[in-house]
Amino acid sequence: MVRLPELAHDVATALAGALPPDAGVGADDLAGWLQPPPNPELGDLSLPCFRLARPLRRAPDRIAADLAERLGDDPRFAAIEAQGPYLNLRLSVAYAAARILVPWAAGLSAPRQDRETKVMVEYSQPNTHKAFHVGHMRNLSLGDAIVRLLRAEGYPTVAANYLGDMGVHIAKCLWWYLDVLSDEERTPPAHHRGEWLGQLYANATRKLAAWKEAAEAGDADAAERLAAAEARITEIHRKLEARDPEIVPIWEETRRWSIEEFDEIYEWCGVRFDHVFYESEVDRMGLALVEEYLQKGLFVESEGAVGIVNEEVPHMPFFMLRKRDGTGLYATKDLALAILKFEKFGIDRSIYVVDSRQSDHFRHVFLTLEKMGFPQARKCEHVPYEMVELPSGPMSTRTGNVVLFRTLRETMTRYVEDNYLAKYRGDWPDEEIAHVAHQVALGAIKYGMLARDVNQKIVFDMEAWLQLEGNTGPYLQYVVARSRSILRKCAEVGKRLDPSVLEPGPARDAACAALTAPEERDVVLALAQFGQVQARAAEQLRPHQVCAYLFDLAKRFNRFNRACPVKPSEGPLLQGRLLVVTAVVEALVRGLDLLGIPAPERM
RNA sequence: GCGCGUGUAGCUCAGUUGGAUAGAGCGUUGGCCUCCGGAGCCAAAGGUCGCAGGUUCGAAUCCUGCCACGCGCACCA
């Protein structure tokens with residue numbers, strides 16, 4: 001890929017050559033210091049010379065002036081000017097366009113370097129027997145985007161899910177299912193059985209909460225019912241953990257309902273996992289580890305429970321790993337799972353995408369693993385993110401303030417069909433309308449979830465996310481669709497990109513040199529930043545940077561579209577503009593793909 | 001109380017790891033369609049970057065102390 005680092009590196013190499021050899025400053029340093037000037041009239045790239053002042057023992061403005069003089073006749077620059085301590089460079093458009101546009105338009109934008117470090121990204125982690133809702137979409141979108149970014153940067157990456165198919169929540173759900181429902185009620189619907197189970201779970205928790213409240217208010221009957229239910233739930237939980245043959249078939253059947261529903265959701269979302277871990281495969285291994293390290297003296301007993309004292313976390317040093325009743329916790333399983341990941345997959349880096357409330361938890365997990373003599377603990381990292389709320393407040397299954405996934409999908413898809421695609425009905429095939437509605441709804445939800453940085457809370461606002469104006473997924477998809485339309489319309493009158501423009505030679509040079517409008521230069525320079533943005537986003541595991549970049553690119557491209565009509569153009573200018581459109585469409589599509597967002601052919 | 005995070009335009013958020021006059025979207029106001037998709041573009045208005053100190057050529061960014069809000073703090077996941 002032609003990255004800005006490469007373009008900047010061309011420039012930086014030229015700059016380095018103009019510096020005294022004993023400066024101790026290399027092209028790499030310089031490339032990192034180059035930045036766009038605040039005002040585009042000043043140039044395309046700028047080198048602040050402050051940091052050269054010390055090694056060169058000269059004033060920054062003198063350095064800038066000297067560099068300007070020495071670079072005077074480099075053909076890659078259209079203008080070089082020292083502005084106080086800044087060296088401002090204007091690139092030759094012909095050079096930049098050939099360097100940037102041509103590879104994109106030729107589809108050569110992604111020959112990535114292969115890397116050694118094998119990475120696993122664990123994300124999604126829904127609980128079976130519970131409902132999948134909008135809140136889960138942030139984790140899913142984020143984890144998937146991180147996987148895509150890492151792969152784009154050449155890291156072999158294992159996308160891993162970790163299903164919560166073991167635990168008290170299942171005991172609660174099964175209590176309701178077995179003890180409260182009548183025989184007729186116990187028949188699940190034909191479809192969306194996972195969601196149905198989630199409702200059972202929600203009913204159970206609501207009833208338990210109601211009893212508890214009544215009991216605390218002095219209701220003896222409620223207290224009795226609550227005690228009975230809790231005893232029964234504990235019994236079911238024990239049987240689950242012991243794999244009691246009485247409960248296992250029911251557990252397996254209901255669990256499958258949830259998993260089938262999850263699979264359907266992931267397919268709609270375009271998310272594919274390479275491996276799925278289950279809590280049920282690590283719970284006993286976790287307890288065995290607890291026993292082993294209790295014997296070794298690393299873990300200690302406290303009030304009947306077992307845990308480890310991590311003084312490194314002073315505000316809550318005791319990390320519990322086994323409850324008084326002998327059962328394990330989430331933490332217990334995480335110890336086993338972490339080890340399993342490294343042993344089974346030979347990974348070198350292990351990423352956990354889990355909300356920020358678990359930051360202390362993971363600090364403890366990684367500290368504990370290290371003390372257990374598991375050096376790979378240092379290769380584990382938690383990627384925290386803030387929660388999703390609804391305009392009506394925090395999400396809660398108990399109060400019913402949730403938007404379930406199916407509602408989300410259906411409402412959004414219908415909105416897109418009714419508001420954007422209705423006019424094409426009868427004109428386009430029904431399947432295409434349904435397909436595009438799916439793509440746009442998905443783009444809206446994913447972009448909304450990814451456009452904010454991870455440490456910002458998100459308020460889910462479906463209407464706003466679905467708008468085609470402003471910083472939304474559908475806006476970007478629309479820009480792509482409109483641009484593809486331009487290329488189609490041009491092709492209809494025989495105006496196509498000449499293949500020779502993609503090869504070095506006079507045709508390419510003429511087309512690139514014809515791009516003299518400021519809007520054209522602007523797009524070329526924006527496009528040049530793609531690689532750098534991708535690299536940073538992958539390095540920092542923060543996909544929102546890609547969103548911001550794509551939106552900026554799209555804005556600039558719209559200005560180009562307004563100012564530089566393609567179809568009426570002729571000759572080298574036509575070829576140059578076709579090159580711009582083709583390259584930007586490629587870049588936008590590829591950028592959206594990094595976010596897991598599809599780009600419709602037309603919409 | 002302790003820990004983590006957040007505080008930037010009326011609202012929602014960026015801000016390239018310390019650089020030039022702090023930017024965008026929405027909203028508001030005013031312009032631009034014989035023209036490849038106007039679902040677009042242009043312009044205006046809107047800021048003590050929570051507050052106070054400090055570090056240096058230079059701070060929204062780094063350090064300290066406050067203030068406000070969110071989240072987490074032992075048998076839930």
Side-chain angles (χ1 to χ4, degrees), chain A residues 4 32-39 42 46 48-51 53 59-60 83-86 88 125 127 130 164 166-169 279 302-307 313-331 333-334 354-361 363 384 386-387 389 394 419-420 451-459 461 464 467-472 474-475 478-479 481-493 495 519 529 532-533 536 540 544-545 547-549 551-552 555 558-569 577 581 602-603:
Chain A
L4 181 65
W33 297 344
L34 285 168
Q35 59 186 28
N39 182 344
L42 293 171
S46 170
C49 298
F50 304 99
R51 275 179 273 205
Q83 188 94 26
Y86 295 91
N88 293 328
Q125 312 113 326
N127 284 328
K130 279 172 116 172
M166 205 29 82
V168 197
H169 66 282
E279 284 190 28
S302 170
E303 298 172 33
V306 174
V313 190
H315 59 284
M316 44 176 289
F318 188 70
F319 185 47
M320 186 178 295
L321 294 162
R322 193 173 77 191
K323 292 186 277 186
R324 198 181 303 161
D325 66 5
T327 58
L329 298 97
Y330 197 56
K333 298 168 203 168
D334 259 336
V354 181
D355 75 74
S356 61
R357 294 175 304 188
Q358 320 271 336
S359 295
D360 282 329
H361 165 81
R363 227 186 129 198
E386 287 295 323
M387 304 302 291
E389 293 185 1
N419 291 282
Y420 306 144
R452 235 132 290 168
D453 202 354
V454 287
N455 51 22
Q456 292 287 350
K457 189 180 74 182
I458 290 181
V459 176
D461 186 341
Q467 295 311 304
L468 289 142
E469 52 180 33
N471 190 3
T472 68
Y475 167 83
Y478 181 75
V479 172
R482 195 154 42 98
S483 308
R484 282 172 161 163
S485 168
I486 291 172
L487 294 175
R488 275 196 303 270
K489 291 276 163 58
C490 287
E492 282 170 11
V493 295
K495 293 185 169 180
E519 291 85 0
Q529 298 179 43
Q532 186 185 39
V533 171
R536 287 182 61 89
Q540 302 179 5
H544 82 282
Q545 293 172 347
C547 295
Y549 168 72
F551 182 63
D552 178 67
K555 272 319 266 181
N558 268 340
R559 288 188 198 116
F560 160 83
N561 276 332
R562 175 84 188 127
C564 307
V566 182
K567 204 167 123 190
S569 307
R577 289 180 173 173
V581 178
R602 50 182 188 172
M603 64 186 269

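To find a chain, count down the sequence lines: A is the first, B the second, and so on, and within it residues start at 1.
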Handout entry: Distance in Å, A:M387 CE paired with A:Q456 CD, rounded so as to fall on 0.5 Å steps
Key = 15.0 Å
Practice task
Take atom CG of A:N558 and atom P of B:C35, then tell me their distance rounded to the nearest Å.
Solution key: 19 Å
Practice task
Select base, sugar-phosphate, or nothing to describe what A:C564 touches, counting heavy atoms under 4.0 Å on all strands.
Solution key: base
Practice task
Just call it for A:T472: base, sugar-phosphate, or nothing, with non-hydrogen atoms closer than 4.0 Å on any strand.
Solution key: nothing
Handout entry: Side-chain heavy atoms of A:L487 within contact of A:V566, under 4.5 Å
Key = no
Exercise for the section: Using the C1' atoms only, state how far B:U17 lies from B:G10, rounded to an integer number of Å. Expected result: 31 Å
Fill in the blank from the handout: Reading nucleotides 7-22 of chain B from 5' to 3' and marking B where a protein heavy atom lies under 4.0 Å of the base, S where only the sugar-phosphate is that close, and - otherwise, the string is S----SSSSSB-BB--
Fill in the blank from the handout: Side-chain contact check for A:H315: nearest option of B:G72, B:C26, B:A77 is B:G72
Practice task
Mind checking which stems touch RNA chain B? I mean at least 3 consecutive Watson-Crick or G-U pairs, both distances under 3.5 Å.
Solution key: B:1-7 with B:67-73, B:10-13 with B:23-26, B:28-32 with B:40-44, B:50-54 with B:62-66
Practice task
Examine A:Y420 together with A:Y478 and report whether their ring centres are nearer than 6.0 Å.
Solution key: no
Practice task
Taking atom C1' in both B:G23 and B:U61, compute the distance separating them and give it to the nearest angstrom.
Solution key: 15 Å
Problem - Side-chain donor-acceptor pair present, A:E386, A:S356, cut-off under 3.5 Å - result: yes
Exercise for the section: Tell me what A:Q125 touches on the nucleic acid: a base, only sugar-phosphate, or nothing, going by heavy atoms under 4.0 Å. Expected result: nothing
Practice task
Among the candidates B:A74, B:A39, B:A77, find the nucleotide nearest to the side-chain atoms of A:M320.
Solution key: B:A74
Handout entry: Heavy-atom closest contact (A:A305 atom, A:M320 atom, distance)
Key = CB-CE, 3.7 Å
Practice task
May I have the distance from A:Y549 (atom OH) to B:A24 (atom C1'), rounded to whole angstrom?
Solution key: 16 Å
Problem - C1' atoms of B:U56 and B:G40, separation to the nearest Å - result: 46 Å
Exercise for the section: Please examine the side chains of A:K555 and A:Y475, heavy atoms only from C-beta on, and report whether any two atoms are closer than 4.5 Å. Expected result: yes
Completion exercise
Rounded to whole Å, CG of A:L487 lies from P of B:C36 at a distance of 15 Å
Completion exercise
Output for pair (A:Q125 CD, A:D355 CG), nearest 0.5 Å, gives 9.0 Å
Exercise for the section: Send over the distance from A:M316 CE to B:G3 P, rounded to a whole Å. Expected result: 13 Å
Fill in the blank from the handout: Distance col, row A:Y549:OH vs A:Q529:CD, nearest 0.5 angstrom, shows 6.5 Å
Exercise for the section: Remember a base hit wins even if backbone is also touched, and classify A:K567 as base, sugar-phosphate or nothing at under 4.0 Å, heavy atoms. Expected result: base
Exercise for the section: Scan A:Y420 against the nucleic acid and name what it touches under 4.0 Å (heavy atoms): base, sugar-phosphate only, or nothing. Expected result: base
Practice task
Name the nucleic acid region contacted by A:D355, choosing base, sugar-phosphate or nothing; use a 4.0 angstrom heavy-atom cut-off, strictly under.
Solution key: nothing
Handout entry: Value rounded to 0.5 Å, distance of CZ in A:R484 from CE in A:M603
Key = 11.5 Å
Problem - Between CG on residue A:L321 and NZ on residue A:K333, distance to nearest 0.5 Å - result: 12.5 Å
Handout entry: Touch class at under 4.0 angstrom, heavy-atom based, for A:V566 against every strand present
Key = base
Problem - Distance between P atoms of B:C11 and B:G5 (Å, rounded) - result: 25 Å
Exercise for the section: Can you tell me the distance, in whole Å, between the CG atom of A:D360 and the P atom of B:C4? Expected result: 9 Å
Problem - Options B:G25, B:C41, B:C71, nucleotide nearest the side-chain atoms of A:R357 - result: B:C71
Problem - Backbone N/O of A:S569 and side chain of A:R577: donor-acceptor pair under 3.5 Å - result: no
Practice task
Answer syn or anti for B:C33, where the cut-off is 90° from 0 on the glycosidic torsion.
Solution key: syn
Exercise for the section: Determine the Euclidean distance between corresponding C1' atoms of B:A9 and B:G25; express it in Å to zero decimal places. Expected result: 12 Å
Handout entry: Spacing of the P atoms in B:A20 and B:G30 (rounded, Å)
Key = 35 Å
Practice task
Could you check whether A:S485 gets within reach of a base, just the sugar-phosphate, or nothing at all, counting any heavy atom under 4.0 Å?
Solution key: base
Practice task
Determine the Euclidean distance between corresponding P atoms of B:G15 and B:C57; express it in Å to zero decimal places.
Solution key: 28 Å
Handout entry: Rounded P spacing from B:G70 to B:U8 in Å
Key = 15 Å
Handout entry: Nearest-Å distance for atom pair CZ/C1', residues A:R559 and B:C42
Key = 9 Å
Completion exercise
Of A:P568 and A:A331, the one whose closest nucleotide on RNA chain B sits nearer the 5' end is A:P568
Problem - Whole-Å gap separating C1' (B:A39) and NZ (A:K555) - result: 12 Å
Handout entry: Anti or syn - B:U28, cut at 90° from 0
Key = anti
Handout entry: Interatomic distance, A:K495 atom NZ to A:K567 atom NZ [nearest 0.5 angstrom]
Key = 8.0 Å
Completion exercise
A:R322 CZ to B:C76 P, in whole Å, measures 15 Å
